Amino acid sequence: MPGVKYQQYESLDYAQIAAEVLTYWNQNQVFEQSVAIRDGQPTFTFYEGPPSANGTPGIHHVMARTIKDIFCRYKTLQGFQVERKGGWDTHGLPIELQVEKELGITKDHIGKPESEGGISVEDYNRKCRETVMRFTDQWNDLTQKMGYWVDLDNPYVTYKNEYIESVWYLLKQLYDKNLLYKGYTIQPYSPKAGTGLSSHELNMPGTYKDVRDTTIVAQFKVKPSGKSGFLFFDSADADIYILAWTTTPWTLPANSALTVGANIDYVMVKTINPYTHVVVHVVMAKNLVGRWLNEKGKVDSRNSPAFDAYLPTDKITPWTIVSEFKGQHLEGIEYEQLMPYVQPDKPAFRVILGDFVTTEDGTGIVHTSPTFGADDFRVAQAAGIPPIMVKDETGKDVPIVDKHGQFVDEITDYAGRYVKEEYYSDEEREDPDFKPTDVLIAIKLKEENKAFRVEKYEHPYPHCWRTDKPILYYPLDSWFIRTTAKKDRLVELNKTINWQPESTGTGRFGNWLENLVDWNLSRSRFWGTPLPIWRSETGEEVCIGSVDDMKKHVAKAQESGKLTAEQQAKNGEFLQKLASGDYDLHRPYVDEVYFVSESGQVMQRESDLIDVWFDSGAMPYAQWHYPFENQDIFKKAFPADFISEGVDQTRGWFFTLHAIGVMLFDSVAFKNVVSTGLVLDKNGNKMSKRLGNAVDPFATLAKYGPDATRWYMITNAEPWDNLKFNTDGIGEVQRKLFGTLSNTYNFFALYANLDKFSFAGRTVPVAQRPELDRWILSKLQSLVLEVEEQFDSYNPTKAGRAVQDFVNDQLSNWYVRLSRRRFWQGELTTDKQAAYETLHECLTTVSQLMSPIAPFYADWLYRNLTGIGTNDASVHLTNFPVANQNLIDTELERSMELAQQVSSLVHSLRKGHKLKVRQPLSRVLVPVLNTDTRRQIEHVSPIIMSEVNVKAVEFVDDASGILKKKVKPNFKALGPKFGKQMKDVAAVITAMTPEQLKQLEEANSLQLGAYDLQLADVEILTEDIPGWLVASEGGLTVALDVNVTDELRGEGIARDFVNRVQNLRKDRDFSVTDKIRIELERNDETLATAIESNQEYIRQEVQAVSLDLVSDLNGSAVEIEMDEFQLRLKVDRV
RNA sequence: GGGCUUGUAGCUCAGGUGGUUAGAGCGCUACACUGAUAAUGUAGAGGUCCGUGGUUCGAGUCCACGCAGGCCCA
């Protein structure tokens, strides 16, 4: 169609639209432009949490990235410059595992010669490097197709030398501030393999096996003191013991505390020790008494003769509960060391509180040895209880069990003994005199009246997958970041972060900070950022903070003359590579670099790699190779204004970003954060490739297009709630929102083209536009405010839903439907011009408001609206609409709401009486009790009249005297006044007589029975008009006059007739503008009269130049049924 | 075991500060409209608001204890 301004569409393929728009963006570099045009504007900084590219992207990535994209686009529209640097997370265990799987090897093979089926660290790491970027093509493809705008041309990559160097710089800063130190953690350790085990290795099938261990309930003797005073009922000489059960008796010499639960109920029991037969008082959890004492032995008093009568041969031991108390009362009680081989350097042997204590087994009191239990270590450290340690030859603190699993010399009775019997050879264990160490300990404790019960107990226990021997929980060297030193500041600054949802920040993250422990940085792996610390055997150490640092240390070492020839050669090799620029800061190369200390000792790199989370937490700095380059860029881009990741990152990326930012820069690293929930399948199950319920993002985008997919994900559930992903929902969004919007646009385009309308700003002042226009424009301004507010508070769901409601309920279903007539009738009048301008403005604004969520479709819509021939535009280059608050007319909005309500009620009544809308009726009657409502409805009565096809809207007010009023108690007002008397008051009000009500209305108050009522205490409404058909809803009542006069009947017939003719026109493919001639056979007087008396109306509606009633059509007529009439007519184009 | 979180119609979700008739969309049923028409409109059916106790004149809403799902951590 030549000369057409607005493209019209027959049918739409939304995926195709997106593909075309993508091409357009790429050709015109719209993304780059959107950033460039904001040059010089305030920046809005976004940090991309780097995805690991070692696997294919899933649908949840579309979700996560949509959130990121939305706010970056929104802020761009608002005039900020929003740079988005992409990034890749490339280190870590998942990649190592992937490589090992592909090569069919295990960690054991790494570093072994090829002849033994091994692989060198060099080759292994090369393989990791290749693997990790293998899927980047797919990721880039997804990024494009889903419309995520991020700079993929210059991403940061965590394995690059520059990135690592920045990380080293940060570590050096921490080191210099004494925030990086070497300590230990309790980890699973295999003495026979001589190595620690990762949790992954511990989770391998078959590692947990049932074993029968010797277990001991030990008696820890309470020292009398102020704290323990309440236990000593009448005599300070009483023997009071706290009972603690252990499945690892060998750890008892390392006991330094007992842990109880603060809210657990404990009792003190008087009974007799089964091995020594002496009377003892023992403390244990109340509901575990039955686990250790036979009910038959229970006596009712501690003075019971049963205690004296007890004989060592008796099977049943007498016992009785002496007192009962909560665990918190036990806190601080001191006891005598159970096995006093080694003395700690600080006060120990106290009862402390721990959150991990249960009463499911044992005694409800946990024997605590900080060197052999992770929980133990944690609670002891928190309570300031020292571990039991001895000094090794170099003066270093070591545990009382060595790395082979043998007791050290200081444990004199058992020195050199293996703590687990499985560590002995089979021959040794077969010796008839062989006794496991646990048994020896049990015997000793029994003899010393320190064991309350010794028994075999079967339970699952982890074993080393390599040696098949039980593992030990054992302290292993680790490097830590002293996060606890900055805990207060971390907590304080966290409070300045805007978390969405808030509970993640205060709850999950806040609690995590409150219970902070030092960050264990060490990982015993191969593919990762090496810890930049070199150490000599005597503990001299140096931490380097740059490649240059390293070079200097190597050069110095080369000159020292302390290195072996081989070390010299390796160093030389590395220096050479540095000089050529072809170097690698990974293992094994950095391991083959040797420094020399001040005192002339050779220093080697600590073999640890660092936690990959440090890599990602370092991205604000390392992505710019700060401080070696780009210092100015960094300063502008720190901290981030906005980040978003899954809620599972709370203790991952969110924490590491925050920790590094606070510890080194005393600043938050991000100001606003949206933590997103999971994407589940439609049944609420976790998606997994293994189960086959994972949704392929590419297939989804291809089928539904990115816009509907994004819109569905955003509006269906708030981002932090889990999303049950159901593709049916995308289809619904497509039909409901995009379909309606496209229809609305097409409607506009159809008539705009016919009238050769071309939008050129507001030519008709809003004040001069009809009610309906002013109403939708008012709604539009309100929408802009709402959307802006929701985006500003990082709630895209509410923003999207607001747009959706506007498009469906207000714009399409009300404005367009009621305005259709204005578009299709007559010439381009001012009224019509106003309609075009109004609709155009609504659509354009909607395209802007929705563009962050549905970027392709919004741009398509926007560019269609700007007209064919405009080729340099994009909605993403516009400024966010500014609401004109002067156009907001709440009175009008309220009026229209009433119009919608009244119409709905009338429709309902018509339906109930089978009166179709085409049949005009004379009037509706609306009872109104206040003038406001009356005015508001009067305002829109023309709309109501045309919508429900009635001739008049009339009002009945109080003065008419025919209103039947109903009075209801207003509970909200009555509540505070009458409280408990409410039921009675309500009854009195409901029973009020019309006279009393009248009195109340006139006097504004009324004494009713015992109650003094105000007018505001009741709600008055009308639900009935005697003799009328009424419907009411929400306090609004409508009555309909259903009398059909002959005249109305005639009009109804005329309308039906118009309808049939219109159908005919359409069947014959007449154009909208074609004029016709009609001849109708006169075969019924009612029909003829109706047609004749509505001639004018009919001719106008169907564009007829003539309408003649003839007696005979000579058989050339068309026959059509119309209710009880048989139409015979002839219609011709002029 | 702990922290956080969710539970409202067949499905997906709304329901400030407690107020007596708990809403929407989809789906379903029926009807209307037929110049937005592979559209559209209207109406109807459909609910022990997860359970049990408690606070209150009044609880989907507040409190306690549970149950079930989810995430993270032990």
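Just so we're on the same page: letters track the sequence lines, and every chain starts at 1. What you see is a predicted model, and the numbers here were worked out from it, not measured in a lab.
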Participant: What is the base-pairing partner of B/rC13, counting Watson-Crick and G-U wobble geometry with both distances under 3.5 Å?
Facilitator: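 Pair assignment: B/rC13 / B/rG23.
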Participant: So A/N743, base contact, sugar-phosphate only, or nothing? Heavy-atom distance under 4.0 Å.
Facilitator: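 Touches a base.
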Participant: Within the 4.0 Å heavy-atom criterion, would you say A/N1059 contacts the bases, only the backbone, or no part of the nucleic acid?
Facilitator: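 The answer is sugar-phosphate, as A/N1059 gets under 4.0 Å only of primed atoms, P, OP1 or OP2.
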Participant: Would you indicate what A/V357 reaches in the nucleic acid, counting non-hydrogen atoms under 4.0 angstrom: base, sugar-phosphate, or nothing?
Facilitator: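 A/V357: no heavy atom of the nucleic acid under 4.0 Å.
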Participant: By nearest nucleotide on RNA chain B, pick out whichever of A/L680 and A/N746 is the more 5' one.
Facilitator: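 On the 5' side of the pair lies A/N746.
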Participant: Given 3.5 Å as the limit, does a donor-acceptor pair link the side chain of A/T484 with the main chain of A/D518, or not?
Facilitator: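 No, A/T484 side chain to A/D518 backbone: no donor-acceptor pair under 3.5 Å.
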Participant: Charged N to carboxylate O below 4.0 Å: is that the case for A/R801 and A/D805?
Facilitator: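 Not counted as a salt bridge, because no side-chain N and carboxylate O are separated by less than 4.0 Å.
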Participant: Is the distance from OP1 or OP2 of B/rA36 to the nearest side-chain N or O of A/R820 less than 4.0 Å?
Facilitator: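 Result: yes.
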Participant: Begin with the C-alpha distance, continue with both residues' side-chain angles, and end with the deciding distance and a verdict on side-chain contact (heavy atoms from CB on, under 4.5 Å) for A/V787 and A/F806.
Facilitator: CA-CA 11 Å; A/V787 169; A/F806 175 83; over 6 Å; no
Participant: For A/R801, report the nucleic acid contact type (base, sugar-phosphate, nothing); a contact means any heavy atom under 4.0 Å.
Facilitator: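 If one applies the 4.0 Å heavy-atom cut-off, A/R801 turns out to touch the sugar-phosphate alone, with no base involved.
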Participant: Between A/S904 and B/rU42, is there a side-chain N or O to OP1/OP2 distance below 4.0 Å?
Facilitator: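 Checking A/S904 against B/rU42: no side-chain N or O falls below 4.0 Å of OP1 or OP2.
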Participant: Can you tell me whether the side chain of A/S812 and the base of B/rA36 have a donor-acceptor pair closer than 3.5 Å?
Facilitator: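 Yes, a donor-acceptor pair under 3.5 Å.
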Participant: Is it the case that the ring center of A/H60 lies less than 6.0 angstrom away from the ring center of A/F725?
Facilitator: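 Distance test on ring centres: not under 6.0 Å, no.
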Participant: Using purine N1 to pyrimidine N3 plus N6-O4 or O6-N4 for Watson-Crick, or N1-O2 and O6-N3 for G-U wobble, each under 3.5 Å, what pairs with B/rU37?
Facilitator: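 With both distances under 3.5 Å required, B/rU37 matches none.
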Participant: With rounding to whole Å, what would you report as the distance between B/rC57 and B/rU52 at their C1' atoms?
Facilitator: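 It works out to 23 Å between them.
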Participant: Think A/N511 has a side-chain N or O under 4.0 angstrom from the OP1 or OP2 of B/rC72?
Facilitator: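 So the side-chain polar atoms of A/N511 never come under 4.0 Å of the phosphate oxygens OP1 or OP2 of B/rC72.
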Participant: Could you give the distance from CG (A/N716) to CH2 (A/W711), rounded to the nearest 0.5 Å?
Facilitator: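 Taking CG in A/N716 and CH2 in A/W711, the distance rounds to 13.0 Å.
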Participant: Searching all strands shown, indicate the nucleotide that pairs with B/rC65 (Watson-Crick or G-U wobble; both distances under 3.5 Å).
Facilitator: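 B/rC65 is paired, partner B/rG51.
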Participant: Is there a donor and acceptor pair closer than 3.5 Å between the side chain of A/R918 and the base of B/rC33?
Facilitator: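 Per atom types, no contact qualifies.
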Participant: Would you mind classifying the nucleic acid contact of A/D375 as base, sugar-phosphate or nothing, using non-hydrogen atoms under 4.0 angstrom?
Facilitator: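 Sugar-phosphate, backbone atoms only, no base.
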Participant: Which is true for A/N813 with a 4.0 Å heavy-atom rule: it touches a base, it touches only sugar-phosphate, or it touches nothing?
Facilitator: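 Sugar-phosphate, no base atom in range.
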Participant: Nearest heavy atom decides the nucleotide; on that basis, is A/T504 or A/V1102 closer to the 5' end of RNA chain B?
Facilitator: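 Nearest-nucleotide comparison on RNA chain B picks A/T504.
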Participant: For B/rG25 and A/K736 - does any side-chain N or O of the residue sit under 4.0 Å from the phosphate oxygens OP1/OP2?
Facilitator: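 Checking B/rG25 against A/K736, no side-chain N or O comes under 4.0 Å of OP1 or OP2.
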Participant: Using Watson-Crick or G-U wobble geometry with both distances under 3.5 Å, which nucleotide pairs with B/rU42?
Facilitator: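 Pairing partner, where one exists within any strand: B/rA30.
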Participant: Can you tell me, in whole Å, how much space there is between the P of B/rU8 and that of B/rG15?
Facilitator: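 Going atom to atom, P in each nucleotide, I get 14 Å.
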Participant: Expressed in whole Å, how much space separates the P atoms belonging to B/rA43 and B/rU6?
Facilitator: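 B/rA43 and B/rU6 have their P atoms separated by 34 Å.
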Participant: Looking at A/E786 and A/K798, does any basic side-chain N land under 4.0 Å from a carboxylate oxygen?
Facilitator: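 Looking at A/K798 together with A/E786, the answer is no, because their closest N to O distance does not fall below 4.0 Å.
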Participant: Sort out the partner of B/rG58 for me: Watson-Crick or G-U wobble, both distances under 3.5 Å, none otherwise.
Facilitator: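 Its partner: none found.
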Participant: Mind checking who B/rC4 pairs with, Watson-Crick or G-U wobble, both distances under 3.5 Å?
Facilitator: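 Result: B/rG70.
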